[in-house]
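Chain letters run A, B, ... following the sequence lines, proteins first and then strands; every chain starts at 1.
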2 protein chains.
Amino acid sequence: MGMDTAVSSTGARARTRRAILDAGTAVLAQNPTASLADVAAAAGVGRTTVHRYFAERSDLVDAIGMDVLDKIGAATDRARPDDGPALTALERICQEYFELGESLAIIFDESMAATWNWESWEEDTEADRALARLVDRGREEGTLDGRLDTDWIVQVLWSLLYVAWQRNRGGDTKHNALSLCLYTLRKSVGAPS
Amino acid sequence: MGMDTAVSSTGARARTRRAILDAGTAVLAQNPTASLADVAAAAGVGRTTVHRYFAERSDLVDAIGMDVLDKIGAATDRARPDDGPALTALERICQEYFELGESLAIIFDESMAATWNWESWEEDTEADRALARLVDRGREEGTLDGRLDTDWIVQVLWSLLYVAWQRNRGGDTKHNALSLCLYTLRKSVGAPS
DNA sequence: CGAAAATGGAACAGCGATGTTCTACTGCCG
DNA sequence: CGGCAGTAGAACATCGCTGTTCCATTTTCG
């Protein structure tokens with residue numbers, strides 16, 4: 001009835017859409033000002049096909065944003081933020097987020113957020129709330145540093161992830177980068193000893 | 001003799017140049033793809049005047065880059081990186097860098113570095129070397145965490161500065177943001193207790 | 001004051017990205 | 001086999017930014 005905007009009939013549409021979305025994420029993560037022709041080339045489709053799926057550039061950017069938010073949501077769920085000691089749960093979240101790879105750059109990049117028309121962008125996701133809840137819990141438990149407020153801890157987590165991912169790009173091992181990230185996270189936001 | 005590219009005759013040229021450079025830093029820090037018209041408006045000069053000082057966009061971007069590097073160099077000197085315990089010196093550096101404000105975003109932003117033609121950009125500045133020297137010293141002294149390599153510590157410093165500056169923008173007190181930054185820096189890169 | 005320096009603004013051409021339309025090709029499924 | 005969904009690619013108009021030129025005006029300074 002025209003309501004099937006999410007799932008398409010043949011499945012070919014869905015596959016192409018995913019290819020464009022993934023290519024778009026990869027390309028725009030490296031260069032937020034890349035042209036749609038670049039995205040099309042990376043996705044292995046024609047430039048007009050991109051426009052067939054996303055009328056305007058902003059539509060593509062918004063869709064990528066939503067897609068990344070979905071991935072973050074799924075990653076957050078996998079990390080079981082409400083299980084066990086808060087610091088341990090935070091480490092699990094860190095590991096899961098680290099696996100998101102290129103998507104991290106999308107979230108972190110400001111020049112992307114600048115061109116974001118999207119309505120429900122400023123408002124918190126369920127994942128945001130879960131993370132905030134987790135940090136709050138940790139501060140009350142005493143496993144996280146009470147001298148640091150919740151926002152700060154969340155920001156530090158993201159920035160450490162970003163730095164670790166850059167290091168990964170720079171040729172270092174994934175395992176190595178993640179280890180440094182987790183170790184530093186524990187030290188910086190964990191309760192002082 | 002045409003060699004006076006640095007200092008100009010009247011001093012009016014120097015003032016205008018500074019205005020454009022400062023405005024350019026502020027504007028491009030917030031939006032790396034801002035037009036030269038935006039920069040001109042922010043500087044309070046005509047668009048053609050900008051082109052009179054910087055023939056191409058890349059010339060302006062390069063000049064801003066050099067300017068920021070100069071500021072970082074001066075800030076590093078003020079922090080006396082070779083005096084006293086390494087951790088204390090690193091805190092002084094953190095304070096000085098924090099004062100650089102908008103310029104931090106310029107350094108941190110990748111989409112800026114992408115459009116950077118500039119020759120001597122990859123190679124280390126004297127400030128970079130001084131900072132690396134300081135961190136090395138700290139790791140040998142035992143005041144910095146030997147389990148973290150020098151590069152990582154430097155990266156963490158920059159990312160904490162970036163997060164703190166964002167927080168400052170977000171309405172928080174400078175003092176508050178800097179305190180959090182320094183406290184977190186000590187905890188994260190200081191020697192484990 | 002008066003000349004030189006510096007500026008603002010209009011006007012223009014060029015360029016690359018965007019978004020649209022149309023045509024022809026491919027592969028899939030009934 | 002024949003129709004149909006999906007696609008590529010060419011062609012086109014448009015738009016905003018860039019870089020340049022020219023001229024009138026203002027500022028600076030001797």
Participant: Is it the case that the side chains of Tyr183(A) and Asp145(B) hold a donor-acceptor pair, with the cut-off being a distance below 3.5 Å and no angle test?
Facilitator: yes
Participant: Does Thr16(A) have a side-chain nitrogen or oxygen under 4.0 Å from the phosphate oxygens OP1 or OP2 of dG6(D)?
Facilitator: no
Participant: Taking only N/O atoms, report every protein-nucleotides 15-23 of chain D pair under 3.5 Å with atom names and distance.
Facilitator:
from, atom 1, to, atom 2, distance (Å)
dT18(D), OP1, Arg57(B), NE, 2.9
dT18(D), OP2, Leu36(B), N, 3.0
dG19(D), OP2, Arg57(B), N, 3.1
dG19(D), N7, Arg47(B), NH1, 3.2
dG19(D), O6, Arg47(B), NH2, 2.9

Participant: Cut-off 3.5 Å, side chains only: do Ser188(B) and Thr184(A) have a donor facing an acceptor?
Facilitator: no
Participant: Round to a whole Å and report the spacing from CZ of Arg15(B) to P of dA5(C).
Facilitator: 17 Å
Participant: Answer yes when Asp124(A) and Arg129(A) have at least one side-chain N-carboxylate O distance shorter than 4.0 Å, and no when they do not.
Facilitator: no
Participant: Using only atom types and a distance under 3.5 Å, with no angle test, would you say the side chain of Arg137(B) pairs donor to acceptor with the backbone of Pro81(B)?
Facilitator: yes
Participant: Could you note down all residue pairs passing ring pair (Phe, Tyr, Trp, His ring centres under 6.0 Å) where residues 124-163 of chain B supplies at least one of them, sequence neighbours left out?
Facilitator: Tyr97(B)-Trp158(B), Phe108(B)-Tyr162(B)
Participant: Taking OH from Tyr53(A) and P from dA8(D), how many angstroms apart are they, rounded to a whole number?
Facilitator: 9 Å
